[in-house]
Each structure stands twice: as structure tokens, then as C-alpha cells.
Peer 1: 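Here it is, the structure in full.
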Amino acid sequence: MSKILIRGAQVLGGAPQDVLIDGEVIEAVGSGLSAEGAEVVEAAGKVLLPGLVDLHTHLREPGREDSETVLTGTRAAASGGYTAVFAMANTFPVADTAGVVEQVYRLGKESGYCDVQPIGAVTVGLEGRKLAELGAMHESAAGVTVFSDDGKCVDDAVIMRRALEYVKAFGGVIAQHAQEPRLTEGAQMNEGVVSAELGLGGWPAVAEESIIARDVLLAEHVGSRVHICHLSTAGSVEIVRWAKSRGIDVTAEVTPHHLLLTDELVRSYNPVYKVNPPLRTERDVLALREALADGTIDIVATDHAPHPHEDKDCEWAAAAMGMVGLETALSVVQHTMVETGLLDWAGVADRMSFTPARIGGLAGHGRPVSAGEPANLTLVDSAYRGEVDPAGFASRSRNTPYEGRELPGRVTHTFLRGRATVVDGKLA
Ligand SMILES: [Zn+2]
């Protein structure tokens, strides 16, 4: 059966409507659509969103398949309502050649759960010294347009300038992990009251803010486009707001965890809260929420960073940095942005689908829920409340900071080009 009727869904949180899918596309949106010959999904009371798009996912393949593979990562993505993810380049080998990005792209195609768009490294081996083959990666079958050394900062201003100039020719973008390395040597958590009390090496806000300030000025100087990964401080928000007011072509993302969690959690010494950039203060959290609401921060990106048990279940100083996020992102956004009245569901569709697809230049995703568009859709039971149980994750890793925490909302169905990847909350 190729036809599916999603009946009575609140499209982008609006009035109930029916959505008829025929094959890979949306055939019609309206009320009282005929269910003849169609499989019916009853969606009364549920919110229908365009399939979510994550501009910042670590899939770990090739090289760290013990923490995640393209297959397990795309299954996690589908579970979280995503139909496309951008896979970061810090794999082993690094995705700094056409060969590696094509491998990741091909594995994504084979998975069938979620489209995978590889991100290419900016510099060879993420070493920050020599530009990678940006043009070859762009011209490869993977068609890379987003480049990032994420995990590491492109800290050399000349290399950053050259990268911005290079991608300008084909409309690409550099996604910067903003972290001045000299200011964060040995850093273990946010620099502030809590780090002073705990005696842990501090990670000052200025390490992030100084790089963002430099890079928006570089982008302006060469007339290119820069994207700021996982913005985490109130000061970073001010710089991006200033840059946008000046007409600089900058976009920025925030992670779900930076919208909710603070450095107070580090008092537990539980490495599940160890992340890069670190959890900041309540003041930062509130500034990030406000910036996401007013559009200063363009999108939510997960920075899904799976790690095997042994890399997280150890003392704080030795633990790896990062958290899984694909399967909880929408719930955290509902909790922090929708239920606080800062963003409506149309706003969520913008920040988690339309705009990330646009920044990444991804055709076929982040499209309106209307006739003739690809049927990439996510159906959400927003009334659901439940405790996060990592045992139920599709990800190969379990390093979530939300275990046992009650969060709202549950993805009941995800459709990738008309094919259900999630049905009744379970992977199809
Ligand atoms: Zn990063």
C-alpha cells in the first residue's frame, strides 16, 4: 500500500488537518480527505512537523563503531523524529577526503532510516595546519557544502580566512567549533563559581567568545559565510546579535543540553555531564533560550556524541566529553521552549527543520507540509510525559544526562519520503 492518510493532525501545531501521502510525496493537505485505498494513521491531538534535520551529529563510523555506526545512529535519529542528519568529520580516518565522505554518504543511503549528509573536515587530519581537499569533497558524490573541524577549533586565523574564501566560490559554509585552545588547556568544566569550589580547571566563556568575535569579522572581511557550532554563553549571543545587526552572514546553533542543564550538575562528578563546550550557568541558559526564540540563534543542533560505557564510566578527569542527544532533543526543546511559551510549534519546525536544511543546503528536507512536497514528516504526541530510559535507545551508546528525568513529548511516527521509519514509537 503506497497511500497513507495521517488523520486529524495539528500541522505545525495549528488546526487539525488530514495529510495524504502518496508514494514519496504529500498528495494533499486538507480536512475530510478520503481514506480510500490508504493506510490510516489516527493523529488526533498530535502535532505534525516536517522531518527534523540535525546539522551536528557524530555517527562515529568509520573508526569508532563500538560507540555508534551509521546504521545505529540513523536509527536513533529516526526515533527522535529526524529525517536527515549532518555527520561530523572527526572520524577515524578523518573525513578530510572525497573517499571518506563518499563512504559515509553511501552507508547513510544503505541505512534507509535517515538521510546522512557528510560534513568535510576543514583541515587535513583536523590538525589545523593545512586545508583539506574542500573542492574535491564538494565535487564528490557526497556533495559536501558544510565543513568543520568540530571537536577542534580552526584556531589559526590565516587558515580560517583561507577556508572561508575557498568555500565562498561554491556557496559552502565553515561550521566553527569556537574554542581558543590556549585558553582551555587542561579545562574540565565551565570557569566560574562552581569550578573554583570544586578545584577543577576552568573553561572560560572568553575562550568561545573571542573566536566567535574573530570569525564573524573574518567572514565580513572576505564576504563569506560562517556558522557557529553549539553556542553556549550569554556573551556569545551578544556577539552574534551584533554581527547580524551589521549584516554579517553568520548563523548559530544551540544544543538541547545547553538550553536546560547548568554547571551546578558537575558537583555530582558524574561524567555524563562532561561535555564540550561545558555546561554553563543559569544566566547563560536563559540567554540562549531567549536568543533561540528571537532568532539570534538560528537552530537547535544535537551535537549527538555517543561514547562507549568505558569512556564515560570513570573519574571525571579521564572521561570523554559529549552526550547522546538525537532521541531526546525534541522533548528537551518542548520542555524548555514550547512549555515556557518562548516558541510555538511553527517555531520548532523552523529551528529544527526548515532553517538547518537551509543552512546546510539540503534539498528535499526542511520543506513545508503541503501538497507536492517530499513526505518527510514527524508526528509527535506532545501530551505524553515519561521518564527517559536509555535502555530503550536505538543508539549504541547510553551516555544521556537525562536518565530518569521526566520529559514531555514522544515521537510516534517518522516518515522518510513516505516510508514509515517509526510506527507507534517503535522503529519500523
Ligand atoms: Zn564541537
Side-chain angles (χ1 to χ4, degrees), residues 54-60 63-64 67-68 73 85-92 94-96 117-123 125-128 132 146-156 159-160 163 173-185 187-190 203-212 214-215 226-233 236-237 239-240 250-259 261 271 273-280 284 288 297-307 311-312 319-326 329 356 359-360 397 399 401:
D54 189 17
L55 199 62
H56 191 149
T57 302
H58 296 275
L59 291 176
R60 304 299 191 212
R64 282 309 299 267
S67 53
E68 198 79 288
V85 297
F86 285 74
M88 274 298 174
N90 62 339
T91 48
F92 303 93
V94 171
D96 57 4
Q117 179 56 48
I119 291 175
V122 177
T123 66
L126 308 176
E127 286 173 353
V146 182
F147 297 88
S148 182
D149 275 3
D150 184 62
K152 291 193 177 165
C153 180
V154 181
D155 63 314
D156 184 311
I159 299 274
M160 186 62 181
V173 64
I174 304 296
Q176 174 71 292
H177 171 117
Q179 178 188 355
E180 212 298 311
R182 291 277 288 141
L183 286 171
T184 51
E185 281 171 14
Q188 292 285 328
M189 67 171 296
N190 178 50
W203 193 304
V206 66
E208 175 171 310
E209 293 156 6
S210 57
I211 293 291
I212 297 175
R214 183 200 74 178
D215 286 354
V226 67
H227 175 76
I228 310 299
C229 295
H230 42 49
L231 204 130
S232 74
T233 77
S236 296
V237 168
I239 295 163
V240 170
V250 58
T251 52
E253 70 189 34
V254 63
T255 70
H257 46 274
H258 288 110
L259 291 171
L261 308 177
Y273 301 118
K274 188 173 177 184
V275 66
N276 177 355
L279 300 178
R280 305 285 189 180
D284 296 303
L288 295 170
I297 295 177
D298 302 82
I299 64 168
V300 174
T302 68
D303 195 8
H304 176 80
H307 289 293
D311 288 357
K312 281 303 237 182
M321 288 184 276
M323 337 175 139
V324 291
L326 286 167
I359 293 170
S397 290
N399 52 305

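What you are looking at is a predicted structure, and each value in this text was computed from that prediction instead of being measured. Note that ligands are numbered from 1 as they come in the structure, with each ligand's atoms numbered from 1 the same way.
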Peer 1: Heavy atoms only: give me the nearest Asn190-Pro278 pair and the separation to one decimal.
Peer 2: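 Smallest interatomic distance, heavy atoms only, reads N-CB, 3.5 Å.
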Peer 1: Write down the atom of Ala187, the atom of Trp203, and the distance for their closest heavy-atom approach.
Peer 2: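 Heavy-atom minimum between the residues: CB-CE3, 3.5 Å.
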Peer 1: List the atom of Glu208, the atom of Ser236, and the distance in Å for their closest heavy-atom pair.
Peer 2: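 Of all heavy-atom pairs spanning Glu208 and Ser236, the closest is OE2-OG, 2.8 Å.
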Peer 1: For Thr251 and His227: C-alpha separation, side-chain torsions, deciding distance, then whether side chain to side chain donor-acceptor pair (under 3.5 Å) applies.
Peer 2: CA-CA 5 Å; Thr251 52; His227 175 76; 2.7 Å; yes
Peer 1: Does Glu180 reach the side chain of Cys153, with side-chain heavy atoms less than 4.5 Å apart?
Peer 2: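 Not touching, per the 4.5 Å side-chain cut-off.
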Peer 1: Mark yes or no for whether Asn399, through its side chain, and Gly322, through its backbone, hold a donor-acceptor pair below 3.5 Å.
Peer 2: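 Present.
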Peer 1: Which N, O or S atoms belonging to the protein are less than 2.8 Å from the Zn ion (ligand 1)?
Peer 2: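 Under 2.8 Å from the Zn ion (ligand 1) - ignoring waters, which are not counted - the protein N, O or S atoms are Asp150 OD1, His177 ND1, His230 NE2.
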